Amino acid sequence: MFWKYLNFIWSEFWLIYKTSQSKVFNIMETKDISRIALGAFLITAGIGHLTFARKEFQAQVPEWVPLEKDDTVVYSGIAEIALGVTVIATPKKYRKTMGKFVAGFFAAVLPGNIAQYKNRRDSFGLNTDNKRFARLFMQAPLIAWALKSTDDD
């Protein structure tokens, strides 16, 4: 099922790319490719929350979250899919604002990564303190990706 979704995302990306090559449209800019890749990344991660990586994501839910771990994972997966689709589809004049929402989402999930490190929970191959600690530094590039790929400069 995962491959079916990944194939769908790839075919949509390819269609957008091919359309951009026509004489009607200018060639896609690197920023557009980056923004679409960000959207595809979010959609894929969201699908993972709902299907093949559901248990893995539960390891990142902090104990203080007042919902069941599975519910938290499902809701965040739905949010990621919605953000991914929106990042791809948002009209140019609203992209900068959308990028701030996505950056905020990436910042909001950082406590989950901290909880995974602090509570020594294994998932996604993060089975040592060093690996879990290194993962904490991945949020900054994700936030930068969200802001830079949607900036209108």
Side-chain angles (χ1 to χ4, degrees), residues 1-17 30-152:
M1 187 154 187
F2 166 70
W3 295 111
K4 182 175 155 186
Y5 289 117
L6 194 57
N7 186 39
F8 170 75
I9 291 166
W10 173 250
S11 64
E12 290 299 310
F13 176 74
W14 185 250
L15 176 66
I16 292 168
Y17 172 76
T30 304
K31 190 176 288 192
D32 290 327
I33 294 169
S34 179
R35 178 180 50 79
I36 292 167
L38 173 64
F41 170 79
L42 284 162
I43 292 167
T44 303
I47 291 168
H49 277 71
L50 302 177
T51 58
F52 61 91
R54 200 160 169 171
K55 283 254 188 242
E56 299 285 326
F57 282 111
Q58 289 176 10
Q60 297 176 329
V61 178
E63 296 298 327
W64 51 262
V65 173
L67 301 171
E68 295 290 325
K69 288 184 187 295
D70 191 53
D71 291 345
T72 303
V73 169
V74 168
Y75 298 147
S76 63
I78 292 168
E80 278 186 298
I81 292 169
L83 286 171
V85 169
T86 307
V87 161
I88 293 170
T90 297
K92 190 170 186 165
K93 76 183 214 178
Y94 300 112
R95 286 182 188 159
K96 189 170 186 173
T97 301
M98 190 63 228
K100 290 177 183 177
F101 275 108
V102 174
F105 177 81
F106 286 142
V109 299
L110 180 60
N113 301 121
I114 293 169
Q116 183 180 10
Y117 171 70
K118 183 180 157 213
N119 299 319
R120 296 180 160 174
R121 294 189 197 134
D122 296 348
S123 73
F124 295 112
L126 303 175
N127 53 8
T128 67
D129 286 343
N130 287 339
K131 288 179 182 179
R132 288 185 286 267
F133 183 72
R135 170 62 184 89
L136 297 177
F137 295 96
M138 289 306 297
Q139 289 310 107
L142 290 172
I143 291 168
W145 186 12
L147 294 173
K148 191 67 179 162
S149 68
T150 57
D151 194 12
D152 54 8

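In this chain, numbering begins with 1 at the start of the sequence shown. Just so it is clear, the model here is predicted, and its values are computed rather than measured.
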Has the side chain of Arg95 got a donor or acceptor atom that lies under 3.5 Å from a matching backbone atom of Thr90?
yes
What's the spacing between Phe57 CZ and Phe52 CZ if we round to 0.5 Å?
7.0 Å
Can you name the closest pair of heavy atoms from Pro111 and Pro62 and give their distance?
O-CG, 3.9 Å
Nearest heavy-atom approach of Phe106 to Ile143 is CB-CG1, 3.7 Å
With rounding to the nearest 0.5 Å, note down the distance linking CD1 in Ile43 to CD1 in Ile36.
10.5 Å
For the atom pair CG (Leu42) and NE2 (His49), what is the distance rounded to the nearest 0.5 Å?
10.0 Å
For the residue pair Met98 and Leu83, establish whether any side-chain heavy-atom pair is separated by less than 4.5 Å.
yes
Strictly below 4.0 Å, N to O, side chains only: are Asp122 and Lys131 in salt-bridge contact?
no
Do NZ/NE/NH1/NH2 and the carboxylate oxygens of Glu63 and Arg121 come within less than 4.0 Å?
yes
Checking the side chain of Gln116 only, and the main-chain atoms of Ala59 only, is there a donor and an acceptor separated by less than 3.5 Å?
no
How far apart are the closest heavy atoms of Ser76 and Phe105, and which atoms are they?
O-CZ, 4.2 Å
Determine the minimum heavy-atom distance between Glu80 and Ala45, stating which atoms define it.
OE2-CB, 3.7 Å
Rounded to the nearest 0.5 Å, how far apart are NZ of Lys92 and OG1 of Thr150?
12.0 Å
Within the 6.0 Å centroid threshold, strictly below: Trp145 and Phe41
yes
Side-chain donor or acceptor of Arg54 paired with backbone N/O of Asp70 under 3.5 Å:
no
Taking side chain to side chain contact (heavy atoms under 4.5 Å, CB included) as the criterion, tell me which of Thr51, Thr44, Leu50 meets it with Ile47.
Thr51
Strictly below 4.0 Å, N to O, side chains only: are Asp152 and Lys93 in salt-bridge contact?
no
As an exercise, state the distance from CZ of Arg35 to CG of Asp32, rounded to the nearest 0.5 Å.
5.0 Å
Please determine whether the number of non-hydrogen atoms from other residues, nucleotides or ligands lying under 6.0 Å from atom NZ of Lys31 exceeds 12.
yes
Treating Asp151 as the side-chain partner and Leu147 as the backbone partner, does any N or O pair qualify as donor plus acceptor under 3.5 Å?
no
Where is the tightest heavy-atom contact between Ile88 and Ala40, given as atom of each residue plus distance?
CD1-N, 3.9 Å
Output, in order, the C-alpha distance, side-chain angles, deciding distance and verdict of side-chain contact (heavy atoms from CB on, under 4.5 Å) for Arg135 and Phe124.
CA-CA 10 Å; Arg135 170 62 184 89; Phe124 295 112; over 6 Å; no
Quick check for you: to the nearest 0.5 Å, what is the distance between Asn113 atom CG and Arg132 atom CZ?
12.0 Å
Considering all heavy atoms, the nearest Leu110-Gln139 contact:
CD1-CG, 3.5 Å
